[in-house]
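Protein chains get the first letters and strands the later ones, always in sequence-line order, with residue 1 at the start of each.
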Number of protein chains: 2
Amino acid sequence: MKKHRLGKDISLIYRYSQIYFDAKLKKYNLGSGQYIFLMNLFLNNGINQEQLAHIVRINKATTARAVANLEKEKYVTRKQSKRDRRSYELHTTEKANSIKSSLVKIMNAWNEILLDGLNTEEKRMLLKLNDKVGSNILRHSNKPGDDRNMQ
Amino acid sequence: MKKHRLGKDISLIYRYSQIYFDAKLKKYNLGSGQYIFLMNLFLNNGINQEQLAHIVRINKATTARAVANLEKEKYVTRKQSKRDRRSYELHTTEKANSIKSSLVKIMNAWNEILLDGLNTEEKRMLLKLNDKVGSNILRHSNKPGDDRNMQ
DNA sequence: ATTAAATAGTTGCGTATGCAACAAATATTC
DNA sequence: GAATATTTGTTGCATACGCAACTATTTAAT
């Protein structure tokens with residue numbers, strides 16, 4: 001078995017996904033670095049940065065910068081939490097909501113490219129196996145319990 | 001089907017792979033950004049940068065910088081090609097060769113983490129399906145014919 | 001109640017990556 | 001052979017991402 005192959009495919013898929021989203025989101029003044037955060041906020045409105053970072057499994061610093069960008073572009077508002085003054089509740093704006101369906105279309109188009117030629121069972125296996133790899137990594141990294149069903 | 005899931009798993013696997021390799025390669029003054037180039041040079045000694053960039057499907061600018069780093073650390077030599085004076089033949093040094101087996105061990109250890117709990121068929125499917133996704137992307141990007149059997 | 005430890009978010013710094021522009025060299029066209 | 005087009009590698013610029021250090025706030029321990 002060619003051990004490079006998996007890492008190389010993963011790297012390629014990741015990098016080209018970034019390229020694709022950068023190109024498609026440019027018109028909205030968004031980049032690949034903000035997309036995953038915004039998409040998750042649509043599904044989890046009102047959560048704080050810490051929670052958001054946890055959901056997408058991305059570093060807090062990166063999350064803070066992405067959210068700052070989203071706020072700057074007026075896709076997200078941050079409201080200091082009454083329960084904990086360190087924390088901000090994040091909400092998508094009307095502006096964000098107005099482009100949501102376009103963003104979903106962009107994502108779906110990319111997924112169609114990724115999954116072209118795979119039957120239902122193969123798609124299921126692809127997700128399942130990559131998910132297993134992801135879980136393996138998190139377990140190895142001693143990350144908290146898996147709340148990956150949150151979205 | 002949760003459309004985010006694939007992108008999120010891919011992103012996670014990629015990022016944590018980078019983190020892992022950065023940590024493990026630090027002692028050799030190498031980073032995750034050089035690893036894939038060096039590993040491929042072990043397998044394809046004497047090729048030029050253009051070819052190397054093509055094999056790993058990474059941008060020429062990035063390739064140039066990675067190779068420059070490898071040269072700086074004396075893992076690689078660059079010899080101007082006699083056939084084409086723009087081009088440089090890349091060779092791994094004795095220094096590189098002396099750490100090759102350690103690098104292979106690092107990579108194998110990571111692969112064991114990634115593939116933990118998967119049986120032979122699942123491993124085969126994981127590779128095959130991710131490879132299919134990679135091919136889909138390249139086809140969509142109008143990249144040249146698939147010489148992915150080169151390594 | 002006071003002190004110590006942990007947490008939410010921010011910022012500095014560094015690395016990796018892509019695009020675009022460019023120079024030098026080579027290949028193609030006329 | 002001259003002009004034009006393409007190729008190989010480099011560099012500037014920008015973005016995304018992680019680690020570490022930090023501040024302010026909250027929680028836990030005493």
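With hydrogens and angles left out, the side-chain atoms of Asn45(A) and Thr92(A) include a donor and acceptor closer than 3.5 Å.
In this structure, the side chains of Phe42(A) and Val104(A) stay at 4.5 Å or more apart for every pair of heavy atoms. Side-chain contact between Asn29(B) and Asn69(B): absent, with no pair of heavy atoms (C-beta onward) separated by less than 4.5 Å.
Remark: Gln49(B) is in phosphate contact with dT10(D), judged by side-chain N or O atoms under 4.0 Å from OP1 or OP2. Dashed line: the shortest gap from a side-chain N or O of Thr62(A) to OP1 or OP2 of dG18(D) is under 4.0 Å. For Gln34(A), a side-chain nitrogen or oxygen approaches OP1 or OP2 of dA16(D) to under 4.0 Å. Phosphate proximity of dG18(C) to Arg57(B): absent, as no side-chain N or O sits under 4.0 Å from OP1 or OP2. A sub-4.0 Å separation between OP1 or OP2 of dT17(C) and a side-chain N or O of Tyr14(B) is present. Dashed line: the shortest gap from a side-chain N or O of Gln18(A) to OP1 or OP2 of dG18(C) is not under 4.0 Å. The shortest distance between the side-chain N/O atoms of Arg15(B) and the OP1/OP2 oxygens of dT17(C) is not below 4.0 Å. Side-chain nitrogen and oxygen atoms of Ser87(A) include at least one within less than 4.0 Å of the OP1 or OP2 phosphate oxygen of dG9(C). Residue Arg85(A) has a polar side-chain atom (N or O) positioned under 4.0 Å from OP1 or OP2 of dT26(D).
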Stepwise, does the salt bridge (charged side-chain N to carboxylate O under 4.0 Å, His left out) test hold for Lys128(A) with Glu122(B)? CA-CA 10 Å; Lys128(A) 178 190 160 191; Glu122(B) 281 171 329; 3.6 Å; yes
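Each salt bridge (charged side-chain N to carboxylate O under 4.0 Å, His left out) pair with one or both residues in residues 59-79 of chain B, not counting sequence neighbours, appears once here: Glu71(B)-Arg78(B).
Mapped onto DNA chain C by nearest heavy atom, Glu50(A) and Gly31(B) fall at different nucleotides, with Glu50(A) at the one closer to the 5' end. Both Ala64(A) and Ser81(B) lie near DNA chain C, and the one whose nearest nucleotide falls closer to the 5' end is Ala64(A). DNA chain D is contacted by both Tyr88(B) and Asn59(A); Tyr88(B) maps to the nucleotide lying nearer its 5′ end (nearest heavy atom per residue).
To the nearest angstrom, P of dT15(D) lies 13 Å from CG of Leu30(A). The distance from atom NE2 of His54(A) to atom C1' of dT7(C) is 15 Å, rounded to the nearest whole Å. Protein atom CZ of Arg65(A) is 11 Å distant from nucleotide atom P of dC17(D), rounded to whole Å. Going from atom OH of Tyr16(A) over to atom P of dG18(C) covers 8 Å, rounded to whole Å. The interatomic distance linking Tyr20(A) (OH) with dG18(C) (P) rounds to 18 Å, in whole Å. When rounded to the nearest whole Å, the span between CD1 of Ile19(B) and P of dG14(C) equals 19 Å. Taking atom NZ of Lys60(B) as the reference point, atom P of dT10(D) lies 10 Å away to the nearest angstrom. The nearest whole Å value for the distance from the CD atom in Glu89(A) to the C1' atom in dG9(C) is 15 Å.
Surrounding CD of Glu121(B) are more than 12 heavy atoms belonging to other residues, nucleotides or ligands, all under 6.0 Å away.
We find that Lys132(A) and Asp116(B) are not joined by a salt bridge, their nearest charged nitrogen and carboxylate oxygen being 4.0 Å or further apart. A salt bridge does not link Arg86(B) to Glu50(B): none of the charged side-chain nitrogens sits closer than 4.0 Å to a carboxylate oxygen.
Evaluation of atom-type donor-acceptor distances gives a pair under 3.5 Å for the side chain of Arg86(B) against the base of dA25(C).
Contact annotation for Ser32(A): backbone-only contact, meaning every heavy-atom pair under 4.0 Å involves sugar-phosphate atoms and none involves a base. Across all strands, Asn48(B) comes closer than 4.0 Å only to sugar-phosphate atoms, never to a base (heavy-atom distances).
Contacts of Ser11(B) classified as side chain to side chain contact (heavy atoms under 4.5 Å, CB included), with partners at least two apart in sequence or in another chain: Tyr14(A), Arg15(B).
Helix bend of the helix from dA1(C)-dT30(D) to dC30(C)-dG1(D): the angle between its two end axes, each built from five pairs, comes to 30° after rounding to 10°.
Taking the side chain of Ala61(B) as heavy atoms from C-beta on, and the options dC19(C), dT8(D), dG9(D), the nearest nucleotide is dC19(C).
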